[in-house]
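We count ligands from 1, going down the list as the structure has it; atoms in each ligand are counted the same way. The first residue of the sequence shown is numbered 1, and numbering continues consecutively from there. Quantities reported herein were computed from a predicted structural model and do not represent experimental measurements.
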Amino acid sequence: MSEQQVNAVLGIDIGGTGIKGAPVNVLTGELLAERHRIETPQPATPEAVGKVVKELVDHFKWTGPVGCTFPAIVHNGQTLSAANVDQSWVNAPAQEILAKACGLPLILLNDADAAGLAEVTFGAAKGKKGKIIVITLGTGIGSALIVDGKLITNTEFGHLIFPQDTIAEKYCSAKVKEDADMKWKEYNPRLNAYLKHLQLLFSPDLIIIGGGISKKADKFIPEMEGLRFPLVAAELKNEAGIVGAALEAAALCQS
Ligand code: BGC
């Protein structure tokens, strides 16, 4: 095998609306081909999603390892929750299902954890010590906790009971803003209150905001008040999931 093939892993990012993939050079974080996106089938059952993963593998004529994200708790290859996806994923042996569907070695991890890995390896958390939280604001709220460069998986800070009688992702995800057609003036105090809550609980050294909303970081980052930590936008934007998934698969395939 050439050096390039050894260092290349297919990253796939499974989301509620789209499933995206690209081969990644895991040494540089660069995509080795243009990203390919397929609409998430509805209902997004394990079988239907497996077919799309196989389509992506075929699209790239891929024969090597695959890293794949999922928007739920992923523990030992099993999906243990399904907040914004089909309920049939709860307790499903998802890693095995998807590996079988594409006939290749496949590693599954939580989508926000993948974003965290990508940021700590190539982005805003690179080379930083201390406690770093990556929050992805999208349909739900995902989280990754990184302590001295090491990822602590499945933190699910979007499911903290906040502000009361509800969970944070139903209060200040990007979807909540969009569905209610909220202006930044109305949304920002919600996000600010949530970040202050995270500060109270974790005293982070840095918080990185990812997800689609991070493209508009100038609309909310300068408006946040009362935070003792630096708040920055994610650097990998749309590609964080794909890159993080590839990194995880590369690490596990080498170990
Ligand atoms: C899920 C998380 C996921 C986040 C972002 C939440 O509803 O529980 O596992 O990371 O959405 O997709």
Within a distance under 4.0 Å of any heavy atom of [X], pick out the atoms of ligand 1 and give their elements.
X	result
Asn84	7 (O)
His159	1 (C), 6 (C), 7 (O), 8 (O)
Ala72	9 (O)
Ala83	7 (O)
Asn110	2 (C), 3 (C), 9 (O), 10 (O)
Gly142	4 (C), 5 (C), 10 (O)

_Shortest protein contact, atom 8 (O) of ligand 1 (heavy atom only)_ =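 Residue, atom and distance for the closest contact: Glu156 OE1, 2.7 Å.
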_Could you identify the single nearest non-hydrogen protein atom to atom 6 (C) of ligand 1 and state the distance to 0.1 Å?_
Glu169 OE1, 3.2 Å
*What closest approach, in Å, do Gly210 and Ala234 show between heavy atoms, and which atom pair accounts for it?*
CA-CB, 3.7 Å
_For ligand 1, the portion of Pro71 having any non-hydrogen atom under 4.0 Å away_ =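 The answer is both, backbone and side chain.
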*Could you tell me whether Asn154 approaches ligand 1 through its side chain, its backbone, both or neither, with non-hydrogen atoms closer than 4.0 Å?*
neither
*How long is the span from the CD1 atom in Ile97 to the CG atom in Leu106, to the nearest 0.5 Å?*
11.5 Å
*Rounded to the nearest 0.5 Å, what separation is found between the CH2 atom of Trp62 and the NZ atom of Lys54?*
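If I round to the nearest 0.5 Å, the distance is 14.5 Å.
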_Between ligand 1 and Val74, can you find any atom pair, the residue atom being a heavy atom, that is separated by under 4.0 Å?_
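Flag not set, Val74 not near ligand 1.
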_Thr153 side chain to Asp113 side chain, donor-acceptor N/O pair below 3.5 angstrom_ =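 No, Asp113 and Thr153 have no side-chain donor paired with an acceptor closer than 3.5 Å.
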*Could you walk me through whether Asp86 and Thr45 pass the side-chain hydrogen bond (donor to acceptor under 3.5 Å, both in side chains) check?*
CA-CA 6 Å; Asp86 197 79; Thr45 58; over 6 Å; no
*asked:* Looking only at distances, can you tell me whether any N or O atom of Asp111, backbone or side chain, sits closer than 3.5 Å to an N or O atom of ligand 1?
replied: yes
*Sequence neighbours left out, what pairs pass side chain to side chain donor-acceptor pair (under 3.5 Å) with at least one residue falling in residues 125-143?*
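Sorted pair list: Ser143-Thr155.
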*So His59 and His36, would you call those rings parallel, tilted or perpendicular, with 30° and 60° as cut-offs?*
parallel
For residues 213-227, which side-chain donor-acceptor pairs fall under 3.5 Å, sequence neighbours excluded?
| unit_1 | atom_1 | unit_2 | atom_2 | d |
| --- | --- | --- | --- | --- |
| Ser214 | OG | Gly211 | O | 2.7 |

